[in-house]
Amino acid sequence: MPLFTFKPPRYLPALLVAATLMACNDPSSTDPPYIVTPVATATLSGTPGWTLTDTLVVEVRDIEGNLVPGTKVKWSLPNGGRLAVQLADADDRMTGSTDDQGRNYAVWTLGLDEGTQVAKVAAGFGEPATFTASATVLHAKQVSAGGSYTCAVLTDDRPVCWGANHHGQLGTGDSLPRLTPTPVLGLPTVLEIRASPSFDDLTCARDLAGDVWCWGWNTSGQAGPAAAQPVQPTPVRVAGAEGAVSLSLGTSGNGFACAVLGAGGAACWGENWAGQLGTGDFVSSAAPRPVVGSSGFTSVASGWRRSCALDTDGEAWCWGDARGGELLPLPRAIYTTPVQPVPGHRYTSLAAGGNAVCGVQIAGIASCFGYDFVSFGHLPLTDLQPGDSPVRPDIAETIAQVAVDGFNGMYARSRYGRGYVWGAPGCCVAIPRMITPSLRIEDISAGEGQYCVISESGGVYCGRVNWWFFGGDESLAGIPDQVSP
């Protein structure tokens, strides 16, 4: 019988862990030859990059079959995986001693990438007993973390969402939450999907033809002219945003959306009380309105009451509310039409946060401008003055992507595939800190409450943004590959 009965979380599939019993007998060792055996074959739940929901238990006996209390037991995983060993009496968490019944316990807190996982345990210098498990996780090519939910584009271009659904943001036609990835109704394939990162509960997607579809909370027309108010539970096409090549959503209760159109120019729609539509006025509109002077824009990134776009030369243009210094070194003001905060600096992508804007420059260097509420990833904090250059976060690696959680938490992915965080994801991380030591990632996204990545193998893993508060350990959990009907 297992040591205890455990009901696995509803979002994790069950995996069978088979124990291969091997005698630990090393005649050349001066230590006694021990026999390590599992207490029982256990059913564990989880996916790679996961937290298992049961405990691995072994007992150690001597060659005559007697239980051996106090024997050192060494656990290991290959290729950087980690185990948390209970009852350990050493600094090395992978090493512990058997209890008075000759037993030792380990919880698998982080596995490896998808496929067969192997944990080994040895006592003395003998051959280890091995435990194996195999699992798969949801495969996707783009992920978007919302404030209370998540969406992804699968490898076959299908959009799926899961999590909270108070305002129909999952696109399932109702307000019921989903614990597993669920297809979006009436939208079979998309190129890109965006979930509101800060509890705005608006979701938009760009289909293969470039049409924009939106659904969810629609208090200010942010879901488009055809959407019902205040809730649109299924996708509706946004007339006037056809041929979109880039899509972004506003954050933190400032419901608006923007798109760059392939035919030229950018358009925004929704709330406009702070000039966030870039139309030269403060008139809100459910129908997309052209952004003034945007004919050369190639991509757009929206944030808290403002947006920034890149032109064909890679230079940044921004508009909206910057009275708090959000576009420093520009003066604090509301800009109802696009202006250049850092002319002469060229970017490949941008992420607009609550107090600052960060991006990846042409040479793969991350840099930030705006108000430095620990948003630059650099100490000491910097108050940009007119003519100042953007500030580089303290990351030695070349950066491929920067994402923002909708307010002041900044996330980055290096070209090598490491994930970093800085800013204020729940509190304060002044200097960038690595958050994916055991995974190489190809995409990263964040919301006010979570962050998600896509591993090199295509698996989707998500974790809470307050991981640092509980010791800073990697806390990513794999999303199960099952897709609800």
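Note: hydrogens, waters and symmetry copies are ignored here, and every other heavy atom, side chains too, is used.
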Discussion item. Whether the Q450 and T150 side chains hold a donor-acceptor pair (N or O, under 3.5 Å, no angle test) is what I'd like checked.
Written reply: yes
Worksheet item: Is the W217 ring parallel, tilted or perpendicular to the H167 ring (thresholds 30°, 60°)?
Response: parallel
Fill in: Matching residue for Y411 among Y420, W422, Y451 - test: ring pair (Phe, Tyr, Trp, His ring centres under 6.0 Å)
Y451
Worksheet, complete the sentence: Only residue of R418, R413, R415 satisfying salt bridge (charged side-chain N to carboxylate O under 4.0 Å, His left out) with E397 is R418
Worksheet item: Between Q401 and D443, do the side chains contain an N or O donor and an N or O acceptor separated by less than 3.5 Å?
Response: yes
Worksheet item: Under 3.5 Å, is there a donor-acceptor pair linking the side chains of S302 and S248?
Response: yes
Worksheet, complete the sentence: Closest heavy-atom pair, P288 versus A267, reported as atoms and distance to 0.1 Å, is CB-CB, 3.9 Å
Worksheet item: Distance only, no hydrogens: is a donor on one side chain within 3.5 Å (strictly under) of an acceptor on the other, for T203 and Y149?
Response: yes
Worksheet item: Is the backbone N or O of W269 less than 3.5 Å from a side-chain atom of R289, with the two atoms forming a donor-acceptor pair by type?
Response: no
Worksheet entry | Contact check, side chains of C161 and R178, non-hydrogen atoms, under 4.5 Å | no
Practice prompt. Considering non-hydrogen atoms only, spot the tightest contact between T251 and G406 and give its length.
Written response: OG1-O, 3.1 Å
Discussion item. Regarding E442 and K141, does a basic nitrogen lie under 4.0 Å from an acidic carboxylate oxygen?
Written reply: no
Worksheet item: If every non-hydrogen atom of P159 is compared with every non-hydrogen atom of I193, which pair is closest and at what distance?
Response: CB-CD1, 4.0 Å
